[in-house]
Amino acid sequence: MTLTPTETVRCCVAGGGPAGMMLGLLLARAGVDVLVLEKHADFLRDFRGDTIHPSTLEIVHELGVLDEFLRLPHEKAYELRAQFGNVTTTVADFRHLPTRCGFIALMPQWDFLDFLARRAAAYPTFRLRMRAEATGLLQDDGRVVGLEVASPEGPLRVRADLVVAADGRHSVVRERAGLPVDTLGAPMDVLWFRLSRAPGDPTTPMGRFEAGRIFITLNRGEYWQCGFVIAKGSLEELQARGLDAFRREVARLAPYAAGRVHEIRSWDGVKLLTVQVDRLRRWFRPGLLCIGDAAHAMSPVGGVGINLAVQDAVATANRLAVPLAEGRVTPEDLHAVQRRRELPTRLTQRLQLAVQRRVIARVLTTRAPLTAPAFLRLIARIAFARRLVGRLVGLGVRPEHVRSPARPAARTTAST
Ligand SMILES: Cc1cc2nc3c(=O)[nH]c(=O)nc-3n(C[C@H](O)[C@H](O)[C@H](O)COP(=O)(O)OP(=O)(O)OC[C@H]3O[C@@H](n4cnc5c(N)ncnc54)[C@H](O)[C@@H]3O)c2cc1C
């Protein structure tokens, strides 16, 4: 009989997304022995959001690496716009936020994650294991004491004082822990694809609303990241109408790119991302804490999921770094993280659900010509209202600040 190799760490984080990588960095910075497990070989993945909001940029500033971060290629969005019929309105203005950066940085998520991984690697207590998939829990008398892991070298056991599930909205760890989930529902899914950009194209992120259709365009410099929002479960019907009909739809929604829709060569280049909104009732068990999408899958409305995940990580490190370093994390500490983050999560999801119900579901089911809803017309007229929306989207509810301790980095990192 061969024995499964076992590693021991203070904290094992399942999932190297925004929540897991930020937590790994913050804990290592505080001198905590931390291992992040990521099931993929790299951070490249289907489009999962590019938006680094002012609240996250503020965290990056508090970590002392904002200038370095902003040297990475990105586009700046100072406002968000929506177009209903032929009328375009600004719905959020970030310029006046009380933060270093009054803009959203649009940056591919893998660049953000690579950046966090490089910064974390400067600390000797940080380890990142790629192609390592958490498959089950190690438990001892009802307490989670580690993870079973599948890796190319074979199965592995990681024993830890604390396991953090940051493995996203299909979290295996939370499922194995049997934590009950409330499903909040979403009326839509999103098809993502790319179109090249050309001189003279608009630059600001835009949501275009037409009867039965919503089309999102995010400026990624050389190309557009396009999101084509469809009613949940309607992909087959769309595909049955054929690729040419789809291209014509895209050309109608983004006339400036009409000459480039042939770049959508097949359905293979159009990725379906199913939208899911849910929340755990209890985010923890003794020895285990869930954060980010693993605790609360967010709707893409407002593009705030990455930032909530990062905020969870900051709150977790603020509360747990010292007890973890001293080996005395209690369920009460874990409960304190849930209490801290539950209100911002609930309020944000409530707003997202209201937009899903009042705007998205209506737009997707109507066949009549559209006008902007009354509240959007109001926002378009009142500068204060646009700033308020900018604050809600850009900073969120009860933004976190880095309070966990910092040890000097020992290793040098490759400069970016
Ligand atoms: C269509 C769509 C568009 C979106 N657009 C935006 C946007 O524009 N802006 C925004 O802020 N948010 C957006 N979101 C939401 C955003 O993607 C998530 O809220 C955010 O990524 C959550 O971060 P996370 O770290 O909690 O989880 P994830 O980003 O899902 O990261 C989880 C990580 O864990 C890894 N993993 C999974 N299972 C395991 C396992 N068993 N073992 C080890 N590793 C594992 C995964 O590979 C992944 O790297 C969008 C979501 C959808 C569905």
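Counting starts at 1 for both ligands and their atoms, in listed order. These figures come from a predicted structure and were not determined experimentally.
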| Side chain or backbone of Ala132 under 4.0 Å from ligand 1, or both, or neither, by non-hydrogen atoms? | backbone
| message | Can you tell me which portion of Ala309 lies within the under-4.0 Å heavy-atom range of ligand 1? Options are side chain, backbone, both, or neither. | response | side chain
| said: Taking the six-membered ring for Trp, are Phe84 and Phe209 closer than 6.0 Å centroid to centroid? | reply: yes
| request: Could you see which bit of Val304 sits under 4.0 Å from ligand 1, with heavy atoms only: side chain, backbone, both or neither? | output: backbone
| request: Determine, considering heavy atoms only, which of Pro18, Ala150, Gly16 sits nearest to atom 29 (O) of ligand 1. | output: Pro18
| task | Determine, considering heavy atoms only, which of Ala297, Pro300, Ala134, Ser299 sits nearest to atom 41 (N) of ligand 1. | result | Ala134
| said: Between Arg279 and Asp182 (salt bridge meaning N to carboxylate O under 4.0 Å), is one present in this structure? | reply: no
| query | Going by atom types only, do Glu222 and Ser196 share a side-chain donor-acceptor pair under 3.5 Å? | reply | no
| task | Return yes if some donor-acceptor pair links the side-chain N/O of Gln352 with the main-chain N/O of Ser299 below 3.5 Å, else return no. | result | yes
| Can you find an N/O atom of Ile306 closer than 3.5 Å to an N/O atom of ligand 1? | yes
| For ligand 1, which atoms, with element, lie under 4.0 Å from some heavy atom of His40? | 47 (O)
| request: Go through ligand 1 atom by atom and flag the ones less than 4.0 Å from a non-hydrogen atom of Leu273. | output: 1 (C)
For residues 144-164, tabulate all N or O donor-acceptor pairs below 3.5 Å that involve a side-chain atom, not counting sequence neighbours.
from	atom 1	to	atom 2	distance (Å)
Ser151	OG	Glu153	N	3.3
Ser151	OG	Glu153	OE1	3.3
Ser151	OG	Gly154	O	2.8
Glu153	OE1	Arg129	NH2	3.4
Asp161	OD2	Arg10	NH1	3.0

| task | Considering only NZ, NE, NH1 and NH2 on the basic side and carboxylate oxygens on the acidic side, decide whether Glu38 and Arg131 come within less than 4.0 Å. | result | no
| Given that the side chain starts at C-beta and the backbone is N, CA, C, O, which of these parts of Leu37 lies under 4.0 Å from ligand 1, counting heavy atoms, or is it both or neither? | backbone
| request: Answer yes if the side chains of Gln349 and His296 hold a donor-acceptor pair under 3.5 Å, and no otherwise. | output: no
| query | For ligand 1, does Lys39 get within less than 4.0 Å through its side chain, its backbone, both, or neither, judged by non-hydrogen atoms? | reply | both
| query | Is any N or O atom of Gly305, backbone or side chain, closer than 3.5 Å to an N or O atom of ligand 1? | reply | yes
| Taking distance alone, with no angle check, do Ala19 and ligand 1 share an N/O pair under 3.5 Å? | yes
| task | May I ask you to identify, for Ser171, whether its side chain, its backbone, both or neither come under 4.0 Å of ligand 1 on a heavy-atom basis? | result | neither
| field | Thr51 neighbourhood, listing ligand 1 atoms whose heavy-atom distance to it stays under 4.0 Å | value | 7 (C), 8 (O), 9 (N), 10 (C), 11 (O)
| Are any of the N or O atoms of Glu38 closer than 3.5 Å to those of ligand 1? | yes
| Proximal ligand 1 atoms for Gly292, defined as those under 4.0 Å from one of its heavy atoms | 26 (O)
| Charged N-O contact under 4.0 Å between Glu400 and Arg398 | no
| said: Quick test of your reading of the model: are Arg252 and Glu249 salt-bridged, counting only N-O distances below 4.0 Å? | reply: yes
| Looking at the rings of Phe112 and Phe43, which for Trp means the six-membered one, are their centres under 6.0 Å apart? | no
| remark: Quick note on ligand 1: atoms under 4.0 Å from a heavy atom of Arg169 include exactly 53 (C)
| Ligand-residue contact atoms, ligand 1 with Ala166, heavy atoms, under 4.0 Å | 32 (C), 33 (C), 34 (O)
| From Thr217 OG1 over to Gln83 CD, what is the distance, rounded to the nearest 0.5 angstrom? | 9.5 Å
| query | Of the backbone atoms (N, CA, C, O) and the side-chain heavy atoms from C-beta on, which set of Phe43 has a member under 4.0 Å from an atom of ligand 1: side chain, backbone, both, or neither? | reply | neither
| So, are Arg143 and Asp140 salt-bridged, with charged N and O less than 4.0 Å apart? | no
